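Chain A is the first sequence line, chain B the second, and so forth, proteins listed ahead of strands; every chain is numbered from 1. Predicted model, so just to flag it, every value in this text is computed and none were measured.
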Number of protein chains: 2
Amino acid sequence: MSTAREVPSATRWLTQDETAAWLPLLRVGQLLPQAMDRQLRKEAGIRHAYYQVLVHLSAQPDRTLSMGELARLAATSPSRLSHAVAAMEERGWVTRRPCSTDRRVQYAGLTDAGLSLLERVAPGHVADVRRLVFDRLTEDEVSQLRSLTLKLLPSLDA
Amino acid sequence: MSTAREVPSATRWLTQDETAAWLPLLRVGQLLPQAMDRQLRKEAGIRHAYYQVLVHLSAQPDRTLSMGELARLAATSPSRLSHAVAAMEERGWVTRRPCSTDRRVQYAGLTDAGLSLLERVAPGHVADVRRLVFDRLTEDEVSQLRSLTLKLLPSLDA
DNA sequence: GGCGGTCACTTGAAGCTGCAAGCAACTCCT
DNA sequence: AGGAGTTGCTTGCAGCTTCAAGTGACCGCC
């Protein structure tokens, strides 16, 4: 990551230790989503983005969320979600209906077909997560991982 | 991530602790690349994928790498790199020339324009990395982060 | 030599992503 | 009331990513 040595203003380049952490973090950040995506596509024919929509809707008591809430939970942009839900609606996995009290809001709801797709796909996905992540880590390391990622989230969410 | 409770074969769902680590990890894995991309686009007009190409080429003594090596270093697919380098060549940041001993191989080389772009862009990028990641962590945490990500890499690289 | 297999890379098409723009509905303020 | 500003969501488009297929070039083996 270090490139030029002399720059007009005093740039605080990464230290050696920081670089040694940054490079693999960057790599994990690239490869992990790729791996999730590939596995779900090959074995289930859907993207990870779709899977997340299914998961979050299924976690609601009424299988329903407003587009805004759903976007927030899935860490995606409104635009992206709009496109994704449109495509998933066409395939019969979710439905959309307007909110009665605030007509700007749209609710996305999981259909039976969507739920059964999720149930068919989830075991393979969980197995993959286990294989790629949790089978490699001790209990303590999992705890460290949780603590570290939670520390990084606030600045990324904003 | 937990969805159905009863599935044909015995699916080992994630424990509570694992889920508590998985959700933020997934989120970081999504948001971190997004954030890198947004910052570089806004302030430099290039994608993070392009930036990585520039960085890896600039780190070579002769500013040159074969497409294969470059793809491996940047953790990207050959196809993606091919498209990217084609676009960057058109903008004058890299050049391509065939290898003299193995005519399947192409070398990508960083131009002066490419290097000066990188030097202009790098400080802002490093500042962003610092703001998003290293300013939030103690020295010990950085070390934990390095150790954890290094443990996850092997299974992802394969 | 020459033929199957692999390797390095490129290409094209389909689908997704991000941004900017747009629209209607809601809120606030006077 | 009513206008300015904000919110929730959608749309269109340009650009990127992915997969599958294709093209040469190299290797090993008979």
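Side chain of B/A49, nearest nucleotide from D/dT17, C/dA8, D/dT18: D/dT17. Closest contact between the side chain of A/S82 and the listed nucleotides C/dG18, D/dT10, D/dA25 involves D/dT10.
In this structure, A/L81 atom CG and C/dC16 atom C1' are separated by 13 Å, rounded to whole Å. What separates CG of B/L31 from C1' of C/dG18 is a distance of 15 Å, to the nearest Å. In this structure, CZ of A/R91 is placed 9 Å from C1' of C/dG15, rounded to the nearest angstrom. Put simply, NE2 on B/H83 is 10 Å from C1' on D/dC19, counting in whole angstrom units. In this structure, CD1 of B/I46 is placed 22 Å from P of D/dA14, rounded to the nearest angstrom. One can place NE2 of A/H48 at 21 Å from P of C/dG15, the figure rounded to the nearest angstrom. For the pair B/Q34 CD and D/dC16 P, the interatomic distance rounds to 17 Å; values are reported in whole Å. The CZ-C1' distance, from B/R104 to D/dC27, rounds to 8 Å in whole Å.
For CZ of B/R12, the number of neighbouring non-hydrogen atoms (other residues, nucleotides, ligands) closer than 6.0 Å is 12 at most.
Counting any heavy atom pair closer than 4.0 Å across all strands shown, B/Y50 reaches sugar-phosphate atoms only and no base atom. Within 4.0 Å (heavy atoms only), B/E69 reaches no atom of the nucleic acid at all. Using a 4.0 Å heavy-atom criterion, one finds that A/D37 contacts no nucleic acid atom at all. A/R72 comes within 4.0 angstrom of nothing in the nucleic acid, heavy atoms only.
Within the 4.0 Å cut-off from OP1 or OP2 of D/dT10, at least one side-chain nitrogen or oxygen of A/Q106 is found. When the side-chain nitrogen and oxygen atoms of B/R80 are compared with OP1 and OP2 of D/dC16, none of them lie within a distance under 4.0 Å. An OP1 or OP2 oxygen of C/dT10 is reached within less than 4.0 angstrom by a side-chain nitrogen or oxygen of B/R96. A close approach under 4.0 Å does not occur between any side-chain nitrogen or oxygen of A/R103 and OP1 or OP2 of C/dA24.
If A/T101 and A/S79 are placed on DNA chain C by their nearest nucleotide, the residue sitting closer to the 5' end is A/S79.
Ion pairing between A/R130 and B/E18 holds under the 4.0 Å rule for side-chain N and carboxylate O. Using a cutoff of 4.0 Å between basic side-chain nitrogens and carboxylate oxygens, A/D157 and A/R72 are not scored as salt-bridged.
The backbone N or O of A/W93 lies less than 3.5 Å from a partner atom in the side chain of A/T111, making a donor-acceptor pair.
Residues A/V28 and B/L153 are in side-chain contact: their nearest non-hydrogen atoms beyond the backbone lie under 4.5 Å apart.
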